[in-house]
K.L.:
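Before we start, here is the structure in question, set down as structure tokens.
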Amino acid sequence: MMPSHHDDDCSSSLGPPSPAAAMDLPDEEASCSWDTDHVVAWRDADLPTTVFVRTDRSGAFHAYPALGGPFHSLHRVQTAVDLHARGTARAQLERRSALDKLSRKERAIREFLYYPDGTTRVRTMRLVADLERDKVRRLAEALLDKHNDAEGHAYELQDVVHWQSICEGKAKWYYHLNITVRTKPAAGTETGSGDLFFAEVSRVPGDVLGYFLSCFCRVQPDGDDNEGRCHGCENNGSVDMKHPHADLYTGGHRNIRFPRGFGPSNEMQLHGSKSDPTEEADMIKAEEDRIRATFDYLDDEEYLENLRCKRRSIRLSCDNKIPSLVQFLVFLLLSLE
């Protein structure tokens with residue numbers, strides 16, 4: 001767990017949590033390595049964005065966005081994610097029935113262009129911006145709830161004011177965040193104004209991505225950010241990010257820029273990613289035309305029949321070779337006796 005300083009306004013960890021914190025799972029889930037100190041990115045090919053999952057002190061699992069729960073096994077988490085991605089059995093049946101009414105070509109185009117919930121798979125600038133903004137907020141909510149559970153706080157996320165993604169090598173990825181946080185109000189009381197916090201989120205590489213808070217500090221919104229220079233934020237345009245003392249966070253000390261080709265790295269780039277609706281429609285249409293051309297062969301009955309014949313020929317050829325192979329193996333075994 002993340003150790004706390006004597007000052008409750010700031011806590012930090014100098015490295016990833018110990019692997020010894022890995023959770024003991026039932027036998028059927030023993031193959032899953034789950035570090036209970038991490039918030040884990042749960043990916044599904046039929047979802048346009050990531051589901052984040054954390055454990056609480058009792059060992060129960062919580063999903064972000066909320067998918068019900070808490071869940072008491074990874075199998076139940078998987079069931080909830082499946083339902084979120086593909087809908088109920090009835091919804092899946094209705095979707096299959098609608099697809100069955102289409103030609104092979106139109107069905108393939110539909111499945112390539114859209115997720116089951118109807119979201120386009122074409123990565124337009126608007127979609128990338130919306131998904132990244134929602135991803136950062138969900139991750140912040142999951143990490144803050146995990147911090148509350150570990151430290152006994154009752155913090156509630158109000159807003160993600162600034163965020164910056166930082167890359168300092170293949171296995172060194174971080175988020176720097178300024179978030180406004182308030183204490184969850186008791187029943188019947190009014191909510192107060194939020195305080196500004198700096199949070200550093202460290203990413204743990206692996207087959208399953210894990211995230212943990214490596215620094216969480218209260219900062220002054222109107223103070224000069226002169227306690228330490230963060231190249232990770234400064235070099236990428238996040239000049240308004242407020243930081244604590246440089247010794248308290250891990251990333252951002254190398255004087256390099258965020259690598260190109262990895263999408264928006266901060267909220268300013270998201271604001272500049274709002275494409276014109278006409279341009280976006282043209283982009284989707286161009287991708288549909290490209291996919292349609294790729295599947296032109298599905299309208300060519302002669303080509304499909306030749307393909308089926310070739311497959312049957314290969315299958316028959318393999319079937320004819322099997323008796324000869326069996327005879328050879330029997331002969332080989334007899335000769336060894």
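Hydrogens, waters and symmetry mates are skipped; everything else that's a heavy atom, side chains included, is used.
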K.L.:
My understanding is that only residues two or more places apart in sequence, or in another chain, count here; which of them pass salt bridge (Lys or Arg N to Asp or Glu O under 4.0 Å) with Asp46?
P.N.:
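Only Arg86, Arg121 meet the salt bridge (Lys or Arg N to Asp or Glu O under 4.0 Å) criterion with Asp46.
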K.L.:
Describe, in one word, how the ring planes of His243 and Tyr249 are oriented to each other, choosing from parallel (under 30°), tilted (30 to 60°) and perpendicular (over 60°).
P.N.:
tilted
K.L.:
Between Thr180 and Asp195, is there a donor-acceptor pair closer than 3.5 Å when you use the side chain of the first and the backbone of the second?
P.N.:
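No, Thr180 side chain to Asp195 backbone: no donor-acceptor pair under 3.5 Å.
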K.L.:
How long is the gap from SG on Cys233 to NE2 on His162, to the nearest 0.5 Å?
P.N.:
10.0 Å
K.L.:
On a heavy-atom basis, which atom in Asp100 and which in Arg107 lie closest, and how many Å separate them?
P.N.:
CA-NH1, 4.2 Å
K.L.:
According to a hydrophobic-cluster definition based on side-chain heavy atoms being under 4.5 Å apart (Ile, Leu, Val, Met, Phe, Trp, Tyr only), do Ile291 and Met283 belong together?
P.N.:
yes
K.L.:
Determine yes or no for a side-chain-to-main-chain donor-acceptor pair under 3.5 angstrom, with Gln92 supplying the side chain and Gly87 the backbone.
P.N.:
yes
K.L.:
Is there a donor-acceptor pair closer than 3.5 Å between any side-chain N or O of Glu200 and the backbone N or O of Gly251?
P.N.:
yes
K.L.:
With rounding to the nearest 0.5 angstrom, report the CD to CD1 distance, Glu141 to Ile179.
P.N.:
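The distance works out to 10.0 Å.
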K.L.:
For the CZ atom of Arg138 and the OG1 atom of Thr50, what is their distance to the nearest 0.5 Å?
P.N.:
7.0 Å
K.L.:
Check for me whether the distance between the ring centres of His38 and Tyr211 falls short of 6.0 Å.
P.N.:
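No - the distance between ring centres of His38 and Tyr211 does not fall below the 6.0 Å cut-off.
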K.L.:
Going by the rule salt bridge (Lys or Arg N to Asp or Glu O under 4.0 Å), which residues pair with Lys135 if we only count those two or more places apart in sequence or in a different chain?
P.N.:
none
K.L.:
When you measure from the side chain of Gln158 to the backbone N and O of Gly194, does any donor-acceptor pair fall under 3.5 Å?
P.N.:
yes
K.L.:
Do the side chain of Thr119 and the main chain of Tyr115 share a donor and acceptor less than 3.5 angstrom apart?
P.N.:
no
K.L.:
Heavy atoms only: give me the nearest Ile166-Cys230 pair and the separation to one decimal.
P.N.:
CD1-SG, 4.3 Å
K.L.:
Can you tell me how far the CG atom of Leu209 sits from the CZ atom of Phe52, to the nearest 0.5 Å?
P.N.:
9.0 Å
K.L.:
At their closest point, which heavy atom of Ser238 faces which heavy atom of Trp163, and how far apart are they?
P.N.:
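Scanning both residues, the minimum pair turns out to be OG-O, 4.0 Å.
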K.L.:
How many angstroms lie between atom NZ of Lys285 and atom CZ of Arg290, to the nearest 0.5 angstrom?
P.N.:
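So the NZ of Lys285 and the CZ of Arg290 are separated by 13.5 Å.
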K.L.:
Looking at Pro48 and Arg123, what are the two nearest heavy atoms and their distance?
P.N.:
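Heavy-atom minimum between the residues: O-NH2, 3.4 Å.
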K.L.:
Spell out, as yes or no, whether a donor-acceptor pair under 3.5 Å connects the side chain of Arg254 to the backbone of Cys167.
P.N.:
no
K.L.:
Do His153 side-chain atoms and Tyr155 backbone N/O form a donor-acceptor pair below 3.5 Å?
P.N.:
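No.
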K.L.:
Nearest 0.5 angstrom please: Leu47 CG to Thr49 OG1, how far?
P.N.:
8.0 Å
K.L.:
Have Asp56 and His62 got a donor and an acceptor in their side chains that come within less than 3.5 Å?
P.N.:
yes
K.L.:
Ignoring hydrogens and geometry beyond distance, is a side-chain donor-acceptor pair present between Tyr175 and Arg203 at under 3.5 Å?
P.N.:
no
K.L.:
What do the steps show when you test Asp134 against Arg137 for salt bridge (charged side-chain N to carboxylate O under 4.0 Å, His left out), and what is the final call?
P.N.:
CA-CA 5 Å; Asp134 293 345; Arg137 182 175 181 87; over 6 Å; no
K.L.:
Which heavy atom of Val201 sits nearest a heavy atom of Leu177, and at what distance?
P.N.:
CG2-CD1, 4.0 Å
K.L.:
So which heavy atom on Ala85 is nearest to which on Asp44, and how close?
P.N.:
CB-OD1, 3.9 Å
K.L.:
Short question: side chain of Arg57, backbone of Asp149 - any donor-acceptor pair under 3.5 Å?
P.N.:
yes
K.L.:
I'd like to know if the side chain of Gln220 reaches the main chain of Lys242, judged simply by a donor and an acceptor atom lying under 3.5 Å from each other, with no hydrogens or angles considered.
P.N.:
no
K.L.:
For side-chain contact (heavy atoms from CB on, under 4.5 Å), just list the numbers for Phe198 and Cys215, CA-CA rounded to whole Å, side-chain angles, deciding distance to a tenth of an Å, and then say yes or no.
P.N.:
CA-CA 8 Å; Phe198 169 84; Cys215 180; 4.0 Å; yes
